[in-house]
*Asks:* 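Dumping the structure here so I can ask a few things about it.
Below, chains carry the letters A, B, ... as their sequence lines are ordered, and counting in each starts from 1.
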2 protein chains.
Amino acid sequence: MKYKAATIKDIAQALGLSTSTVSRALRDSHEISAATRQLVLDHAAQLNYHPNPIALSLKEKKSRSIGVIVSEIANSFFSQTINGIESVANEKGYTVIISQSHESFEKEVSTLQYLASRSIDGLLISVSSATKDLAPLKALHQYGFPIVFFDRIVEEIATHQVRVDNFQGAYNATTHLLQQGYQRIGCITNSAHLSITRERVAGYVAALDKAGIRLPASLIKYCFHGGMLQEEVADAVQELLQEKKRPDAIFATSDKLTTGCIRALKKAKLAIPEDMGLTGFSNSDLIELLYAPITVVRQPAFEMGQVATELLLQLIESKRPVKDFETKVLQTSLITPP
Amino acid sequence: MKYKAATIKDIAQALGLSTSTVSRALRDSHEISAATRQLVLDHAAQLNYHPNPIALSLKEKKSRSIGVIVSEIANSFFSQTINGIESVANEKGYTVIISQSHESFEKEVSTLQYLASRSIDGLLISVSSATKDLAPLKALHQYGFPIVFFDRIVEEIATHQVRVDNFQGAYNATTHLLQQGYQRIGCITNSAHLSITRERVAGYVAALDKAGIRLPASLIKYCFHGGMLQEEVADAVQELLQEKKRPDAIFATSDKLTTGCIRALKKAKLAIPEDMGLTGFSNSDLIELLYAPITVVRQPAFEMGQVATELLLQLIESKRPVKDFETKVLQTSLITPP
DNA sequence: TTTATTTACGCAATCGTTCCCGGAAAAATC
DNA sequence: GATTTTTCCGGGAACGATTGCGTAAATAAA
């Protein structure tokens, strides 16, 4: 019943040849006579022969698959990134195995070990917001395992990195709010140990500085779960609203946080942009259809996936250990509603 | 430099045993003396030994991985389904390999062949809107390859199926529009050869029938690319607007189509629900934040993924060919804005 | 003490493929 | 016609793990 795929041995037997000859006819060719080669090729086509990738993997000690770990594929930014990753990987004949950490460190570690044990050839990762212990990643990296970080970078590990100019993106968004006339801008951001948090908060602070505005640190609210938990964002917004001197605008540093703020503000019956200004990072294509069409910072997610994958494959296919690591920085764009 | 994983041979050599003894010590145990077994176990732990899954796959002729083909992971419904799939698959020790057809038949076929050649143990698929030639799927199925359809079913192929009660969902949505007072309800739907299209359109027609309303077939607009192309939906909406007797409401049968309608209506400067009523299938969690908070039909996507995966694993792990196929039908829910 | 049984382990085949090595036949050279 | 070179192909090991079969030693039964 169960389908048995044709093997090289089947072809050899049918044609009265040896497996080595068949194998060579299918690849080398020049060591094999044209007649035999054609014979093999024809019969292979007839049997719908496909080399068994598992046998190949065992022999070549590579699986031609790469792992991707993101927090959530339901996140527009990540799903767009994955499209970019797949476009490059598939073209080069690699399978992409996608895993989600759901912003949990434990899930990330278990997924990491699982992927490693599944013998993937390399890893693309945007670390979870809960990741502070880098030991598991470092262990893998020290074995010479190819890793490329994208979006949420880990600086302590020396390898290729792809990210956007988070500082500039945040700076532009904050400046935009200032230009709209907002003065007291709060910030709702991700877990404090994420690279994107540091960089985006820095951009936000720099923009305020430039405008000569100095605000208390309490106007920056960190969401440890990065907006995974709806109430976490709602609480952060509530806290901002309860500040002695209440902010007149909010800058949110990620997709989930931006939409979370809108949700919270709607619940609090605060009109955007009248009662509260809002801008933030987001790659959702529904932004323009929201009841409050806000300005957002958009990342070139697809391109980011492409670039990261190219770097990873480069790392994987390099003959000798790569010592020279690149950090690609892409530009964000500020999208304002029509 | 490159990390070389410990093998059973390494352990055998270090301990002066044969590979068979080591292998058995790691599994059987009762054929091996307790002393030797402990020795092997200790040394394996010390070397951080993990059985090579590729070697195992080659031997066992199964890879403990399943393939999933959906049109778009960026689609809320599918990303939620995938979460359900992963939750079950990972728990049972299976890897999930996700692929996207992007609603293209060619991409679906190539992805299908690619997955099959990557020796996955089974397939979960929601066919693309462009799929009318079923030959590739049938070929795979005839070989006894385990396939489970979810959401977008192929009736011609006898296997497990998981879907929602599309008829009822569409019936409820249409009835809701009728109750709001709309009389002339147009329908924007997916490619005509999709199961969900047939079922949802049937539900829509039945609801109109029940209300004693008979509308021309021209009020049903089919989008061959299922909303992948923005302009396709925009065109469909335009056509509806140019009908001699213009409809006063629209029922959209999928996620992309629903948001596509909103986009198109906004562009046409038609207010929802005043100028045009709208309801449709959608699993996006941003619906309630849209400028026009519409009523939507929601599918239990996560559960659907879970159920489909359980059926697939059951199929994969069954000793003898399964002849008795199940069709699981889940219920939709009508979500109205507060 | 002899025979039968168990215990504990090794040998070798197997999965599908590649590739090094060796060798016969054909072709080219002297 | 004899030698060298080329062409073309087969044998067999290897990748990492499992497993049926064989067998020596240890133990139990006679």
*Asks:* Using side chain to side chain contact (heavy atoms under 4.5 Å, CB included) as the criterion, list what pairs up with Lys59(A), not counting sequence neighbours.
*Replies:*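 Lys59(A) satisfies side chain to side chain contact (heavy atoms under 4.5 Å, CB included) with no other residue.
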*Asks:* To 10°, what angle do the rotation axes through the five end pairs on each side of the helix from dT1(C)-dA30(D) to dC30(C)-dG1(D) form?
*Replies:*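 Overall, the helix from dT1(C)-dA30(D) to dC30(C)-dG1(D) bends by 60° from one end axis to the other.
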*Asks:* Among all residues two or more places apart in sequence or in another chain, which pass the salt bridge (charged side-chain N to carboxylate O under 4.0 Å, His left out) test with Arg163(A)?
*Replies:*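 Checked Arg163(A) against salt bridge (charged side-chain N to carboxylate O under 4.0 Å, His left out); matches are Glu199(A).
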*Asks:* How many Å lie between CZ on Arg27(A) and C1' on dC20(C), as a whole number?
*Replies:*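 From Arg27(A) CZ to dC20(C) C1': 17 Å.
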*Asks:* Can you measure from CZ (Arg64(B)) to CD1 (Ile120(B)) and round to the nearest 0.5 angstrom?
*Replies:*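 CD1 of Ile120(B) is found 15.0 Å from CZ of Arg64(B).
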*Asks:* Mind calculating the distance between CD (Glu60(A)) and C1' (dG16(C)) to the nearest angstrom?
*Replies:*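 It works out to 12 Å between those atoms.
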*Asks:* Test Ile147(A) against every option in Ile157(A), Leu137(A), Leu124(A) by the side chain to side chain contact (heavy atoms under 4.5 Å, CB included) rule and name the one that passes.
*Replies:*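 Exactly one candidate clears the test, Leu137(A).
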*Asks:* Output all residues satisfying side-chain hydrogen bond (donor to acceptor under 3.5 Å, both in side chains) with Ser126(A), sequence neighbours left out; order by chain, then residue number.
*Replies:*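 With sequence neighbours excluded, Ser126(A) shows a side-chain hydrogen bond (donor to acceptor under 3.5 Å, both in side chains) to Asp151(A), given in chain and number order.
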*Asks:* Over 60° means perpendicular and under 30° means parallel, so classify the ring planes of His160(A) and Phe325(A), tilted if in between.
*Replies:*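 It falls in the perpendicular class, over 60°.
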*Asks:* Figure out the CD1/P separation between Ile11(A) and dG16(C), and round it to whole Å.
*Replies:*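 One finds 12 Å between P of dG16(C) and CD1 of Ile11(A), rounded.
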*Asks:* Once side chain to side chain donor-acceptor pair (under 3.5 Å) is applied, what residue pairs with a partner in residues 308-317 of chain A remain, sequence neighbours excluded?
*Replies:*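 Output for this query lists Tyr94(A)-Glu317(A).
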*Asks:* Can you check the Leu26(B) CG to dG16(D) C1' distance for me, whole Å?
*Replies:*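 In whole Å, dG16(D) C1' and Leu26(B) CG are 13 Å from each other.
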*Asks:* Within the 4.0 Å limit for protein heavy atoms, which parts of nucleotides 8-15 of chain D are touched? Write it as a string from 5' to 3', B for base, S for sugar-phosphate only, - for none.
*Replies:* BBBBB-BB
*Asks:* Quick one: OG1 on Thr159(A) to CG on Leu311(A), what's the gap to the nearest 0.5 Å?
*Replies:*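 Going from the OG1 atom of Thr159(A) to the CG atom of Leu311(A) covers 8.5 Å.
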